[in-house]
Amino acid sequence: MPIDPAARAASELPLPDEAARAHSTTLARHIDAEIAASGGAIPFSRFMELALYAPGLGYYSAGATKFGEAGDFVTAPELGPVFAACVADAVAPVLQQLGPSAVMLELGGGTGAFAQVALMRLMELDALPSRYLILEPSAQLRERQRAQLFERLHPMLFELVEWVDGPVPHDWNGVLFANEVLDALPTPRFRIHGSEVMEQYVAVENERFVSQWRPADSMLLQAVRHIERRMGRALPDGYTSELLPQLPYWIQAVSGGMKRGAMLFVDYGYARSEFYAADRSDGTLRAFYRHRMHDDAFAWPGLQDLTASVDFTALAEAGVAAGFDFAGYCSQSSFLLGNGLAGVLSRIEQIEDNAERLRRTGEVKRLTLPGEMGERFQAMGFSKDVEFGAAFLAGDLSHRL
């Protein structure tokens, strides 16, 4: 069956060019073929996985520009050097505790902007890792990162960078860092229907992707009931949301054989009671296309990002279940303030170029103000045989979990 993504695309979205539309149609047909081979429907989590990561076709696997003004969204490291410098200040004590053999692993790498600033700042702090690993699924982004870091880093620093295809396969000590990674994990979606828990599936009708709701499997069912027990209340009839029952296994996989070290996750989301609040009854799934946020997950497969907010209570449970100690949880604003932002502001004040000083000041505001990224994004850390809790002392929110 031919699939026409344009038949589903939100009317207010800018029309992709001919090549992009052809790319989206190719991916849509690929998804349609898997739906047909699966008996007429696939779980939404599988649809999301294909839309984002299908080799050579998915949003994060193909070559379209994603970050910055020319892409679909802007992440904190792409705004400027402030975010990465503060993260470096936070993890430097961990790397120093671990000694010269410590490794740093970044999940995803964006344009390479984070790695560039972080390595330079870690050198200033005398906390360089022995290797800086980037786990990046997109071949196009790997090349972009490689080019940027080769051009902008001192050769000594560039030699520390290595691109890997998976988690560290052997025992290691170091720091794992992930910014806006959890929100892009393919997520199941559920709906309460009377006394039943239903799972969203994706089928094809009249050349369009459509939703179907089927009884949830035992893993998703038990995960929903776990949430209800922990909150002390049942979710109401019709309540629809997202849930990652596989999160503990993902944490175990990406941390690999870490024996000593820390993990730091920064993303947008909520503690569980807020994530599953009564007024958030349609979940947190959203699509981003050319800096427009909308709710049509089926529009232009491969050309738009699909994300869901993070349940930070679930993340805390998953990290502890993976054998780590919970280190702390706070807003992005508090995290930056507690990890070197005062020094960054002092350096900004000394910039003689007025335009550059204003740009850096605007960057700080966007990262920290409540109406921008400051409260919507949060940071959570875990540790194993190292001290990492000090990074979260400014505005700790662990009581909300």
Side-chain angles (χ1 to χ4, degrees), residues 67 74-97 102 104-129 132 134 152-153 157 174-182 261-269 312 327-351 356-370 372-383 386-397:
F67 304 97
V74 176
T75 63
E78 312 303 326
L79 292 174
V82 173
F83 178 81
C86 291
V87 170
D89 276 37
V91 303
V94 174
L95 294 170
Q96 290 166 338
Q97 289 173 66
M104 185 156 179
L105 170 62
E106 182 184 359
L107 303 185
T111 63
F114 177 86
Q116 174 195 335
V117 175
L119 280 166
M120 294 172 66
R121 180 60 179 158
L122 289 171
M123 181 175 64
E124 293 175 357
L125 297 169
D126 193 24
L128 278 175
Y132 189 101
I134 301 177
R152 301 185 182 184
L153 285 179
L157 293 179
V175 172
L176 181 152
F177 172 68
N179 179 62
E180 290 198 59
V181 171
L182 296 170
M263 301 188 297
L264 174 61
F265 300 95
V266 181
D267 225 310
Y268 48 83
F312 277 93
Y329 168 55
C330 62
S331 70
Q332 177 174 287
S333 177
S334 294
F335 182 80
L336 299 179
L337 288 167
N339 292 282
L341 185 59
V344 170
L345 289 170
S346 178
R347 293 192 290 273
I348 289 174
E349 290 174 358
Q350 298 172 20
I351 297 174
E356 178 64 13
R357 188 169 63 251
L358 287 172
R359 277 195 294 272
R360 296 285 73 84
T361 301
E363 177 189 351
V364 171
K365 289 180 178 179
R366 190 163 178 184
L367 289 170
T368 58
L369 289 178
E372 296 284 350
M373 293 180 169
E375 300 298 325
R376 291 189 297 111
F377 283 75
Q378 279 130 48
M380 180 171 283
F382 301 91
S383 61
V386 294
E387 167 54 42
F388 190 38
F392 304 91
L393 291 180
D396 182 68
L397 297 176

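Index from 1, following the sequence. Both backbone and side-chain heavy atoms feed into the values below; hydrogens, waters and symmetry mates do not.
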Exercise. Evaluate the side chain to side chain contact (heavy atoms under 4.5 Å, CB included) criterion for residues Ile348 and Arg357: first the C-alpha distance (whole Å), next the side-chain angles of each, then the deciding distance (0.1 Å), finally the verdict.
Key: CA-CA 6 Å; Ile348 289 174; Arg357 188 169 63 251; 4.0 Å; yes

Exercise. Applying ring pair (Phe, Tyr, Trp, His ring centres under 6.0 Å), run through Phe177 and Phe114 and close with a yes or a no.
Key: CA-CA 11 Å; Phe177 172 68; Phe114 177 86; 4.4 Å; yes

Practice problem: Decide yes or no on side chain to side chain contact (heavy atoms under 4.5 Å, CB included) for Val175 and Met263, but give the supporting numbers first. | Solution: CA-CA 6 Å; Val175 172; Met263 301 188 297; over 6 Å; no

Exercise. May I have the step-by-step check of side chain to side chain contact (heavy atoms under 4.5 Å, CB included) for Leu107 and Asn179, ending in yes or no?
Key: CA-CA 8 Å; Leu107 303 185; Asn179 179 62; over 6 Å; no

Exercise. Take Glu372 and Leu367 through the side chain to side chain contact (heavy atoms under 4.5 Å, CB included) test and state the conclusion after the steps.
Key: CA-CA 7 Å; Glu372 296 284 350; Leu367 289 170; over 6 Å; no

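Taking 4.5 Å as the limit, some side-chain heavy atom of Phe335 sits within range of a side-chain heavy atom of Leu264. In this structure, the side chains of Phe377 and Glu180 come closer than 4.5 Å at one or more pairs of heavy atoms.
Side-chain polar atoms of Tyr132 and Glu106 form a donor-acceptor pair below 3.5 angstrom.
Qualifying side-chain hydrogen bond (donor to acceptor under 3.5 Å, both in side chains) partners for Glu363, counting only residues two or more places apart in sequence or in other chains: Arg360. With sequence neighbours left out, Arg347 forms a side-chain hydrogen bond (donor to acceptor under 3.5 Å, both in side chains) with no residue at all. Every side-chain hydrogen bond (donor to acceptor under 3.5 Å, both in side chains) that Ser331 has, sequence neighbours left out, goes to Ser334. Scanning for side-chain hydrogen bond (donor to acceptor under 3.5 Å, both in side chains) contacts around Gln332 gives an empty result, with sequence neighbours left out. Looking at residues two or more places apart in sequence or on another chain, you find a salt bridge (charged side-chain N to carboxylate O under 4.0 Å, His left out) between Arg359 and Glu356.
Distance CG/Leu128 to CG/Leu95: 9.0 Å, rounded to 0.5 Å. A distance of 6.0 Å separates CE in Met380 from CZ in Phe312, rounded to the nearest 0.5 Å. Between atom CG of residue Leu176 and atom CE of residue Met104 there is a gap of 8.5 Å, rounded to the nearest 0.5 Å.
Contact detail for Asn339 and Ala391: the closest heavy-atom pair is ND2-O, 2.9 Å. Closest heavy-atom contact between Met373 and Ala76: CE-N, 4.1 Å. Among all heavy-atom pairs drawn from Val266 and Ala379, the shortest one is CG2-CB, 4.1 Å. Residues Ala394 and Gly338 approach most closely at CB-CA, 3.9 Å, considering heavy atoms. Scanning all heavy atoms of the two residues, the minimum distance from Val344 to Cys86 falls at CG2-SG, 4.2 Å. Taking both residues in full, the closest heavy atoms of Ala113 and Glu78 are given as CB-OE1, 3.9 Å, listed atom of the first, atom of the second, then distance.
In this structure, the side chain of Ser333 engages the main chain of Thr368 through a donor-acceptor pair within 3.5 Å. Here the side chain of Asp267 pairs a donor or acceptor atom with the backbone of Val181 at under 3.5 angstrom. A donor-acceptor pair under 3.5 Å links the side-chain atoms of Gln97 to the main chain of Glu387, judged by distance alone. Panel note: side chain Ser346, backbone Ala342; no donor-acceptor pair is recorded below 3.5 Å.
Between Tyr329 and Phe392, the distance from one ring center to the other does not fall under 6.0 angstrom.
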For residues 115-123, run the donor-acceptor check on the side chains, cut-off 3.5 Å, and write out each pair with its distance to 0.1 Å, sequence neighbours left out.
| from | atom 1 | to | atom 2 | distance (Å) |
| --- | --- | --- | --- | --- |
| Gln116 | OE1 | Gln148 | NE2 | 3.1 |
| Arg121 | NE | Asp89 | OD1 | 2.7 |
| Arg121 | NH1 | Glu124 | OE1 | 2.8 |
| Arg121 | NH2 | Asp89 | OD1 | 3.4 |
| Arg121 | NH2 | Asp89 | OD2 | 3.4 |

